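These notes are about the structure you will find just below.
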Amino acid sequence: MALDVIVEILATVGMVFLLLILGLIFMGIARKVSARIHRRIGPPLYQPILDVIKLWSKIDPSSHGLTFDLGSLIALGGAITAALLLPIMGLKLLSFSGDFIVLMYLMELPALGIMLGAAASGNPFSAVGVYRGLILITGAQLPYALAVMAVAAEYKTLSLTEIVALQQGSILNWGLFRNPFAALVIAIIGLALLDVQPFDIPSAPAEISMGPMVEYGGKHLALMLTAHGLEFVVFATMYSIVFLGGVSDPISFIVKTVFVALLAIFIMNVYPRWRIEQAFSYLWKYPTALALLGLVKAVMLGGAM
Amino acid sequence: MGFQVLETSKLLNYARARSLWIVTFCTGCGGVELPPTATARFDFERFGIISTPSIRQADLLLITGYVTPKTLKRIIIVYEMMRNPKYIIAHGSCPINAGIYWDSYNTVKKLDLYIPVDVWIAGCMPRPEAILRALVKLMRMVKEGKALGWKRYLENFEFYRKNQDRLFGKDWRKREIEKLRFYIHD
Ligand code: SF4
């Protein structure tokens, strides 16, 4: 009994550590691939790890109070909790029967944590970034919730393990082919949640100099970079689990998550940034319509093809 | 001024050297040579160097050309807002000895008197190759723990402040804060 608990704790810690490193490597892949798209050589894949070590080793952190410090911790904590909910490679750490819904809401926590800390910093750029971020989250909520409902109606379950089990057999059982509308919507909303182009309005580096992140540096920023990388991995894994037939072995885990991440990176490099009202009206038009279609399809045709 | 101890080890110094983040802030004419240094032809990102708009996150300040007293105030404010350890590279002959502005009434002649500079680049204006060479030299210095301009600034703060006060008048810091007060809300 005691041995079981110890093994479980070790597995959890190992998994979190692996995912943290993987998140940083994913950001390295993003930078390398972007560089190749720009026809540059680009940094090595382990560059974000060096960045985090450097940020961690800077001295004199300037803090703006407890809420400011908590912001980055909430971001990382939310991302780690979300990561533990995922059934990766047969490991079920925090799985329970409603984990899909919890996961979907935990994925918004990093953004909210950063907003919370940024609002406490009193910098005008952070304030503008926070307004924009909250507007963007509001815009993303409606299609997001509809798409989640469509997925739940499609599989008639809210448990990620059961969703994986339902997609086994043929490749046509994958969520991507069962409900392409919901798959498309979640992919678009993912870009908004991950704060990448064309939805990187909150942290627009050229206009409001990183927005909410402007006052963060040193150790705070190291935590945030780690959280952001982890969020990237969690999103890619969630997408592979719900729409691409699950990640039951290491090879499918790597192949599927990297595939999803590469798609996001290509989109990120091709599209320029929207203005906030363009993004908002886009989100409430096309993804919402698609998500409604997906919901109708799921309810009318049920689990059938 | 409190002194903080900088932890050094091979790994930390290597990470510091391989990830210098530049403040996006340019003075004078030298700024035009930075886009070629950053883009496809010379690509400084292969050394882990990126430019960040936020001062709090940056390690490296590039002074890219002549410096007027008005700009120098901003440079000093930006430099003091950056977190230690921090480095400065001065581009071109203007920061060294005012270059072609040697007899101008409104150009700072010796930048060294006001802020500590780690690496100088000679030339008017330095080409991207020269900038890359300076960056690589700074990386080597950081790796060996020899880029200590920030420490000089802390240790000789009285000296630097005396020179700054002589140029701008006694309480220029207070006046600058008053100008910014409008933008600070809390
Ligand atoms: S050194 Fe030459 S290029 Fe550089 S700021 Fe002075 S005059 Fe301009």
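A note on names: the letters A, B, ... follow the listed sequences, proteins ahead of strands, and every chain is numbered from 1. Computed from a predicted structure; not experimentally measured.
- Between A:L221 and A:M213 there is a side-chain heavy-atom pair separated by less than 4.5 Å.
- A side-chain donor-acceptor contact under 3.5 Å links A:N269 and A:S34.
- No side-chain N or O of B:E45 forms a donor-acceptor pair with one of A:Q47 less than 3.5 Å apart.
- Only the backbone of B:A58 comes within contact range of chain A, with heavy atoms under 4.5 Å apart.
- Classified by interplanar angle (parallel below 30°, tilted 30° to 60°, perpendicular above 60°), the ring pair A:F232/A:F26 is perpendicular.
- Looking at B:M82 and B:W150, their side chains never come closer than 4.5 Å, going by heavy atoms from C-beta outward.
- Heavy atoms closer than 4.5 Å to chain A are found in the side chain of B:Y14, but not in its backbone.
- Contacts of B:I50 with chain A are made by side-chain atoms alone, with heavy-atom separations under 4.5 Å and no backbone atom involved.
- Using a 4.5 Å cut-off between heavy atoms, B:N13 makes no contact with chain A at all.
- With chain A as the partner, the residue from B:K86, B:R18, B:R41 showing the most heavy-atom pairs under 4.5 Å is B:R18.
- Within a 6.0 Å sphere centred on NZ of B:K109, heavy atoms belonging to other residues, nucleotides or ligands number more than 12.
- Within the 4.5 angstrom heavy-atom criterion, no atom of A:I49 approaches chain B.
- Contacts between A:I41 and chain B at a heavy-atom distance below 4.5 Å involve backbone atoms as well as side-chain atoms.
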